[in-house]
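Heavy-atom basis, side chains included; hydrogens, waters and symmetry copies ignored. A quick note: this is a predicted structure, and the numbers were derived from the prediction, not measured.
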Amino acid sequence: QVQLVESGGDSVQAGDSLRLSCKVSRSYIGCRYEMSWHRQAPVAEREFVAGIDAAEGTTTYGASVKGRFTISQETPRDAGTTVYLQMNNLKPEDSAMYYCKTGRPRLQDVRCIASSNKWGQGTQVTVSS
(Lines give C-alpha, C1' and ligand atoms only; values in the text may rest on other atoms or scores of the structure.)
Protein backbone atom coordinates (compact mmCIF):
# COMPACT_ATOMS: atom_id res chain seq x y z
CA GLN A 1 0.00 0.00 0.00
CA VAL A 2 1.00 3.61 -0.45
CA GLN A 3 3.26 5.15 2.18
CA LEU A 4 3.18 8.81 3.20
CA VAL A 5 5.99 10.40 5.20
CA GLU A 6 5.73 14.03 6.28
CA SER A 7 8.69 16.18 7.27
CA GLY A 8 9.69 19.80 7.72
CA GLY A 9 7.83 20.65 10.90
CA ASP A 10 9.62 22.89 13.38
CA SER A 11 9.24 25.46 16.15
CA VAL A 12 9.30 28.99 14.72
CA GLN A 13 8.31 32.56 15.51
CA ALA A 14 5.21 34.33 14.27
CA GLY A 15 5.83 35.74 10.80
CA ASP A 16 8.31 33.02 9.84
CA SER A 17 7.95 30.57 6.97
CA LEU A 18 8.18 26.79 6.75
CA ARG A 19 7.92 24.26 3.96
CA LEU A 20 6.44 20.88 4.74
CA SER A 21 7.07 17.85 2.54
CA CYS A 22 5.04 14.69 2.10
CA LYS A 23 6.92 11.91 0.35
CA VAL A 24 4.55 9.48 -1.33
CA SER A 25 5.95 6.06 -2.18
CA ARG A 26 4.82 2.56 -3.09
CA SER A 27 1.92 3.92 -5.10
CA TYR A 28 0.66 1.78 -7.96
CA ILE A 29 1.90 3.51 -11.10
CA GLY A 30 -0.76 5.68 -12.67
CA CYS A 31 -2.97 6.18 -9.61
CA ARG A 32 -2.28 9.94 -9.46
CA TYR A 33 -4.17 10.72 -6.29
CA GLU A 34 -5.69 14.01 -5.34
CA MET A 35 -3.57 15.01 -2.35
CA SER A 36 -4.30 17.19 0.64
CA TRP A 37 -2.87 18.59 3.84
CA HIS A 38 -4.80 18.67 7.09
CA ARG A 39 -3.92 19.77 10.60
CA GLN A 40 -5.01 19.01 14.11
CA ALA A 41 -4.33 21.06 17.20
CA PRO A 42 -4.71 19.59 20.68
CA VAL A 43 -8.34 19.25 21.74
CA ALA A 44 -9.55 20.16 18.26
CA GLU A 45 -10.95 18.41 15.22
CA ARG A 46 -8.77 17.70 12.22
CA GLU A 47 -9.04 20.60 9.79
CA PHE A 48 -8.61 20.75 6.02
CA VAL A 49 -5.71 23.03 5.05
CA ALA A 50 -5.08 22.63 1.31
CA GLY A 51 -5.69 20.23 -1.55
CA ILE A 52 -4.27 19.66 -5.01
CA ASP A 53 -5.36 17.76 -8.09
CA ALA A 54 -2.16 17.79 -10.10
CA ALA A 55 -3.80 16.10 -13.07
CA GLU A 56 -6.35 18.92 -13.34
CA GLY A 57 -3.98 21.65 -12.18
CA THR A 58 -6.31 22.81 -9.43
CA THR A 59 -5.75 23.75 -5.78
CA THR A 60 -8.07 24.56 -2.89
CA TYR A 61 -7.41 26.13 0.51
CA GLY A 62 -9.02 26.46 3.87
CA ALA A 63 -10.25 29.97 4.64
CA SER A 64 -7.78 30.47 7.49
CA VAL A 65 -4.70 29.84 5.33
CA LYS A 66 -5.74 31.24 1.96
CA GLY A 67 -3.18 33.76 0.73
CA ARG A 68 -0.50 32.53 3.15
CA PHE A 69 -0.07 28.83 2.28
CA THR A 70 0.67 27.24 -1.09
CA ILE A 71 0.36 23.56 -1.97
CA SER A 72 2.37 22.08 -4.82
CA GLN A 73 3.39 18.67 -6.11
CA GLU A 74 6.30 17.25 -8.05
CA THR A 75 5.57 15.45 -11.28
CA PRO A 76 4.91 11.82 -10.28
CA ARG A 77 7.76 9.47 -11.12
CA ASP A 78 7.46 5.71 -11.05
CA ALA A 79 5.68 4.85 -7.81
CA GLY A 80 6.15 8.11 -5.97
CA THR A 81 5.88 11.85 -5.76
CA THR A 82 6.33 14.61 -3.18
CA VAL A 83 3.71 17.10 -2.10
CA TYR A 84 4.75 20.37 -0.49
CA LEU A 85 3.04 22.91 1.71
CA GLN A 86 4.74 26.31 1.72
CA MET A 87 3.58 28.23 4.78
CA ASN A 88 4.30 31.95 4.99
CA ASN A 89 3.50 34.54 7.64
CA LEU A 90 2.86 31.85 10.23
CA LYS A 91 0.64 32.65 13.18
CA PRO A 92 0.38 31.02 16.60
CA GLU A 93 -3.01 29.61 15.60
CA ASP A 94 -1.25 27.63 12.85
CA SER A 95 0.36 25.47 15.54
CA ALA A 96 -0.76 21.89 15.01
CA MET A 97 0.24 18.47 13.80
CA TYR A 98 0.14 18.52 10.01
CA TYR A 99 -0.84 15.44 8.02
CA CYS A 100 -0.97 14.64 4.33
CA LYS A 101 -3.56 12.36 2.82
CA THR A 102 -4.30 10.56 -0.41
CA GLY A 103 -7.69 11.31 -1.90
CA ARG A 104 -9.47 10.09 -4.99
CA PRO A 105 -7.22 8.36 -7.53
CA ARG A 106 -7.41 9.39 -11.15
CA LEU A 107 -7.11 5.73 -12.15
CA GLN A 108 -10.10 3.83 -10.84
CA ASP A 109 -8.21 0.59 -10.33
CA VAL A 110 -8.77 -1.54 -7.24
CA ARG A 111 -5.08 -1.23 -6.39
CA CYS A 112 -5.37 2.56 -6.40
CA ILE A 113 -8.67 2.63 -4.54
CA ALA A 114 -7.20 0.44 -1.81
CA SER A 115 -4.68 3.18 -0.99
CA SER A 116 -7.02 6.14 -1.16
CA ASN A 117 -7.82 8.06 2.04
CA LYS A 118 -4.53 7.09 3.65
CA TRP A 119 -2.76 9.33 6.16
CA GLY A 120 0.86 9.93 7.03
CA GLN A 121 2.16 10.01 10.60
CA GLY A 122 2.25 13.81 10.77
CA THR A 123 4.82 16.53 11.40
CA GLN A 124 4.57 19.07 14.23
CA VAL A 125 4.48 22.81 13.62
CA THR A 126 4.70 25.16 16.60
CA VAL A 127 4.48 28.93 16.16
CA SER A 128 5.36 31.23 19.04
CA SER A 129 4.19 34.82 19.33
Side-chain angles (χ1 to χ4, degrees):
Q1 283 198 341
V2 68
Q3 289 187 339
L4 307 173
V5 180
E6 301 96 332
S7 62
D10 204 350
S11 294
V12 297
Q13 297 292 315
D16 285 351
S17 297
L18 277 177
R19 188 175 81 157
L20 306 184
S21 299
C22 172
K23 183 173 175 58
V24 184
S25 61
R26 299 181 63 181
S27 171
Y28 179 67
I29 294 173
C31 289
R32 302 196 69 182
Y33 297 96
E34 296 177 1
M35 298 295 301
S36 58
W37 284 95
H38 303 253
R39 66 186 183 187
Q40 188 168 19
V43 201
E45 293 186 357
R46 196 165 291 191
E47 172 191 16
F48 171 80
V49 175
I52 185 167
D53 183 342
E56 295 291 331
T58 59
T59 57
T60 55
Y61 295 93
S64 62
V65 306
K66 193 173 292 185
R68 298 188 297 123
F69 291 11
T70 303
I71 188 170
S72 61
Q73 182 174 354
E74 290 183 347
T75 300
R77 291 195 176 92
D78 298 327
T81 185
T82 301
V83 183
Y84 300 100
L85 185 67
Q86 177 67 43
M87 306 186 295
N88 297 329
N89 189 23
L90 283 161
K91 303 176 180 181
E93 52 264 41
D94 294 319
S95 297
M97 186 72 80
Y98 282 72
Y99 301 90
C100 68
K101 174 180 170 287
T102 56
R104 183 182 63 89
R106 189 165 184 84
L107 179 62
Q108 293 294 299
D109 180 280
V110 293
R111 289 165 288 192
C112 300
I113 294 170
S115 286
S116 61
N117 298 315
K118 298 297 183 185
W119 297 87
Q121 85 291 346
T123 186
Q124 179 68 40
V125 173
T126 303
V127 185
S128 301
S129 59

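R46 CZ: more than 12 foreign heavy atoms inside a 6.0 Å radius. Shown here is Q108, whose CD atom has more than 12 heavy atoms of other residues, nucleotides or ligands within 6.0 Å.
Between the side chain of T123 and the backbone N or O of M97, no donor-acceptor pair lies under 3.5 Å. Checked by atom type and distance alone, the side chain of Y33 never pairs as donor or acceptor with a backbone atom of N117 at under 3.5 Å. Put simply, the side chain of S95 gets close to the backbone of P92: a donor and an acceptor are under 3.5 Å apart. Side chain of T102 to main chain of K118: a donor-acceptor pair is present (N/O by atom type, distance under 3.5 Å, no hydrogens or angles). When atom types are taken as modelled, the side chain of T81 and the backbone of E74 share a donor-acceptor pair closer than 3.5 angstrom. A donor-acceptor distance shorter than 3.5 angstrom exists from the side chain of D109 to the backbone of R111, with no hydrogens or angles considered. When atom types are taken as modelled, the side chain of S128 and the backbone of Q13 share no donor-acceptor pair closer than 3.5 angstrom.
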Where do L20 and M87 land on the side chain to side chain contact (heavy atoms under 4.5 Å, CB included) test, with the steps shown first?
CA-CA 8 Å; L20 306 184; M87 306 186 295; 3.7 Å; yes

Using side chain to side chain contact (heavy atoms under 4.5 Å, CB included), reason through V12 and T126 one step at a time and then give a plain yes or no.
CA-CA 6 Å; V12 297; T126 303; over 6 Å; no

Side chain to side chain contact (heavy atoms under 4.5 Å, CB included) between V127 and K91, worked out
CA-CA 6 Å; V127 185; K91 303 176 180 181; 5.5 Å; no

Go through the steps to decide whether Q86 and S17 satisfy the test side chain to side chain contact (heavy atoms under 4.5 Å, CB included), and finish with yes or no.
CA-CA 7 Å; Q86 177 67 43; S17 297; 3.9 Å; yes

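The side-chain heavy atoms of F48 and S36, taken from C-beta on, include a pair separated by under 4.5 Å. Residues M35 and D53 have side chains not in contact (no heavy-atom distance under 4.5 Å, counting atoms from C-beta outward). R68 places a side-chain heavy atom less than 4.5 Å from the side chain of D94. Looking at heavy atoms from C-beta onward, T82 lies out of side-chain contact with V24 at the 4.5 angstrom threshold. Contact check for L107 versus C112: side-chain heavy atoms found under the 4.5 Å cut-off.
Interatomic distance, L4 CG to R26 CZ, rounded to the nearest 0.5 Å: 11.5 Å. To the nearest 0.5 Å, atom NZ of residue K23 and atom OG of residue S25 are 6.0 Å apart. For the atom pair CD of E6 and OG of S21, the computed distance is 10.0 Å after rounding to the nearest 0.5 Å. To the nearest 0.5 Å, atoms CD1 (I71) and OG1 (T59) are separated by 8.0 Å. Here the CG atom belonging to L90 is positioned 5.0 Å from the CZ atom belonging to F69, to the nearest 0.5 angstrom. Here the SG-CD distance, from C22 to Q3, works out to 11.5 Å after rounding to the nearest 0.5 Å.
A salt bridge links E56 with R106: the closest approach of a Lys/Arg side-chain nitrogen to an acidic carboxylate oxygen falls below 4.0 angstrom.
Checked against the 6.0 Å centroid criterion, the rings of Y99 and H38 do not qualify as a close aromatic pair.
Across all their heavy atoms, A54 and Q73 have their closest contact at CB-OE1, 3.5 Å.
Residues W37 and Y84 are members of separate hydrophobic clusters, defined by side-chain heavy-atom contacts under 4.5 angstrom among Ile, Leu, Val, Met, Phe, Trp and Tyr.
A cation-pi arrangement is absent between R39 and Y98, since the terminal nitrogen or guanidinium carbon is not both under 6.0 Å from the aromatic centre and inside a 45° cone about the axis.
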